[in-house]
Amino acid sequence: MIKPEWELSEDGKTLRVTLPTQPPIALELDAGGVDQFLVRLGTFRNVMMPEIPNGVPTGIVKSVPDPHWHVEHDAFTGRAGLHIRDTRYGWLHYLIPAPEARHLSALLAGIANRSPLPPTSMN
């Protein structure tokens with residue numbers, strides 16, 4: 001398995017990915033190039049095996065706190081358009097059928113109306 005080396009430039013504007021081939025091959029990408037790379041990777045991952053499991057991962061997962069989001073009615077499909085800004089991948093867009101949107105709404109309302117757990121001591 002080839003393990004590439006990843007290096008972000010000091011100014012944070014370009015990413016260099018070096019593949020340890022003979023001779024080594026390096027890609028230098030700006031933010032737009034990384035965005036295009038992510039879209040292409042996602043397109044290929046969508047059809048690769050094994051599929052991404054439907055079950056929600058358990059244990060500790062990396063979450064994006066307080067993401068920007070936007071909801072709208074999609075006039076063409078009648079579905080809820082849900083747009084969430086992921087700081088790693090950009091804006092992600094979903095079309096949710098009305099019954100699922102109602103279910104999601106009820107679940108979110110239930111969570112929003114709960115009191116947070118009190119802080120616990122690690123002693």
* To do: Could you list the residues that satisfy side-chain contact (heavy atoms from CB on, under 4.5 Å) with Ser63, not counting sequence neighbours?
  =>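 side-chain contact (heavy atoms from CB on, under 4.5 Å) check on Ser63 returns Val61.
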* To do: Could you tell me which residues satisfy side-chain contact (heavy atoms from CB on, under 4.5 Å) with Val47, sequence neighbours excluded, listed by chain and number?
  =>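 Testing Val47 for side-chain contact (heavy atoms from CB on, under 4.5 Å), a comparison that skips the adjacent residues, returns none.
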* Whether Asn113 side chain and Ala109 backbone form a donor-acceptor pair below 3.5 Å ->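 Checking the backbone N and O of Ala109 against the side chain of Asn113, a donor-acceptor pair under 3.5 Å is found.
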Between side-chain atoms of residues 94-106 and protein atoms elsewhere (two or more places apart, or another chain), which donor-acceptor pairs fall under 3.5 Å?
none

Could you tell me which residues satisfy side chain to side chain donor-acceptor pair (under 3.5 Å) with [X], sequence neighbours excluded, listed by chain and number?
{"X": "Arg114", "result": "none"}
{"X": "Asp35", "result": "none"}
{"X": "Asp30", "result": "none"}
{"X": "Asp11", "result": "Ser9"}

Can you tell me which residue pairs pass the side-chain hydrogen bond (donor to acceptor under 3.5 Å, both in side chains) test with a partner in [range], sequence neighbours excluded?
{"range": "residues 36-45", "answer": "none"}
{"range": "residues 49-62", "answer": "none"}
{"range": "residues 66-77", "answer": "Glu72-His83, Asp74-Thr77"}

* Asked: Between Leu29 and Val34, which heavy-atom pair has the shortest distance, and what is it?
  ->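 Smallest interatomic distance, heavy atoms only, reads CB-CG2, 3.9 Å.
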* Asked: In Å and rounded to the nearest 0.5 Å, what is the OG1 to CG distance from Thr14 to Leu8?
  ->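 If I round to the nearest 0.5 Å, the distance is 7.0 Å.
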* Asked: Would a 4.5 Å heavy-atom cut-off, applied to side chains only, mark Ile84 and Trp91 as touching?
  ->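 Counting from C-beta outward, Ile84 and Trp91 never come under 4.5 Å.
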Do [X] and [Y] share a hydrophobic cluster (ILVMFWY, side-chain heavy atoms under 4.5 Å, transitive)?
{"X": "Ile52", "Y": "Tyr89", "answer": "no"}
{"X": "Leu38", "Y": "Leu15", "answer": "yes"}
{"X": "Leu92", "Y": "Leu82", "answer": "yes"}

* Asked: Could you give all pairs that pass the salt bridge (Lys or Arg N to Asp or Glu O under 4.0 Å) test and reach residues 83-94, with sequence neighbours left out?
  ->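 Of all non-adjacent pairs touching residues 83-94, those that pass salt bridge (Lys or Arg N to Asp or Glu O under 4.0 Å) are Asp86-Arg88.
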* **Partner set under salt bridge (charged side-chain N to carboxylate O under 4.0 Å, His left out) for Glu28, not counting sequence neighbours** =>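 By the salt bridge (charged side-chain N to carboxylate O under 4.0 Å, His left out) rule, Glu28 matches Arg16.
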